[in-house]
Amino acid sequence: MKKYRKIITFIDCLILSLISCRMKIALKIEKQKRKSNLQILNVEVEELKIKKLRKSAEDRKINPDFTENIFREIMKESVRIQEEQRKSG
């Protein structure tokens, strides 16, 4: 059991590292949006992404509702940090 817990801990760290990378990219995207005078939130893009993620989850035998909930939270945080960055200039 300890072996599996160590593996899970390692995977959790990888997930956090990937989320951190994703947030850094989101901030770079905000800079591009600002230069192009675009809004931060693009509902159409997010909904298309959710649709693709749900399909990908189903293909992997992962609950698509669970996947959608996780990614909606990640996207919400991406928007939040982009808005924060935009306010600070």
Side-chain angles (χ1 to χ4, degrees):
M1 182 124 72
K2 284 183 182 183
K3 173 185 167 186
Y4 295 122
R5 287 186 178 150
K6 284 184 180 182
I7 293 169
I8 295 257
T9 298
F10 177 74
I11 292 169
D12 290 346
C13 288
L14 287 175
I15 291 168
L16 287 174
S17 292
L18 291 171
I19 291 171
S20 176
C21 290
R22 192 185 193 287
M23 295 303 159
K24 288 174 185 171
I25 297 298
L27 293 174
K28 290 180 182 194
I29 289 170
E30 187 280 323
K31 288 179 183 178
Q32 292 299 313
K33 287 179 179 178
R34 189 180 334 156
K35 287 178 185 175
S36 300
N37 202 29
L38 296 172
Q39 291 182 346
I40 290 171
L41 181 61
N42 186 331
V43 175
E44 290 176 22
V45 169
E46 287 197 3
E47 291 307 314
L48 181 59
K49 183 174 286 293
I50 290 293
K51 184 178 179 180
K52 289 179 180 179
L53 287 165
R54 287 182 65 88
K55 173 70 172 108
S56 184
E58 287 175 8
D59 293 346
R60 290 173 169 80
K61 308 284 190 255
I62 299 171
N63 181 330
D65 294 332
F66 169 73
T67 301
E68 180 175 342
N69 290 337
I70 289 170
F71 278 94
R72 285 207 185 273
E73 287 300 315
I74 291 171
M75 287 182 217
K76 186 166 58 174
E77 179 63 9
S78 294
V79 168
R80 188 195 68 75
I81 67 169
Q82 287 179 4
E83 288 173 345
E84 186 177 275
Q85 176 172 281
R86 188 164 286 188
K87 286 177 187 173
S88 67

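Side chains included, hydrogens not; waters and symmetry mates left out as well; all remaining heavy atoms used.
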What donor-acceptor contacts under 3.5 angstrom involve side-chain atoms of residues 36-50, with partners at least two apart or in another chain?
residue	atom	partner	partner atom	Å
S36	OG	Q32	O	3.2
N42	OD1	E44	N	3.3
N42	OD1	V45	N	3.2
E47	OE1	R72	NH2	3.0
E47	OE2	R72	NH1	3.0
E47	OE2	R72	NH2	3.2

Kindly list each side-chain donor-acceptor pair under 3.5 angstrom involving residues 2-25, sequence neighbours excluded, with atom names and distances?
residue	atom	partner	partner atom	Å
T9	OG1	R5	O	2.9
S17	OG	C13	O	3.1
R22	NH1	S78	OG	3.0

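Under the side chain to side chain donor-acceptor pair (under 3.5 Å) criterion, K55 pairs with D59, sequence neighbours left out. K28 pairs by the salt bridge (charged side-chain N to carboxylate O under 4.0 Å, His left out) definition with nothing, not counting sequence neighbours. Residues that satisfy the side chain to side chain donor-acceptor pair (under 3.5 Å) test with R86, not counting sequence neighbours, are E30. With sequence neighbours excluded, no residue forms a side chain to side chain donor-acceptor pair (under 3.5 Å) with K31. Residues satisfying the side chain to side chain donor-acceptor pair (under 3.5 Å) criterion with E58, sequence neighbours excluded, are absent altogether.
With rounding to the nearest 0.5 angstrom, the CZ atom of R80 is 12.0 Å from the CD atom of E73. One finds the CE atom of M75 at 8.5 Å from the CD atom of E68 (value rounded to the nearest 0.5 Å).
Hydrophobic clustering (ILVMFWY, side-chain heavy atoms < 4.5 Å, transitive): I81 and I29 are in distinct clusters.
Of the residues N63, T67, D65, the one that meets the side chain to side chain donor-acceptor pair (under 3.5 Å) test with R54 is D65.
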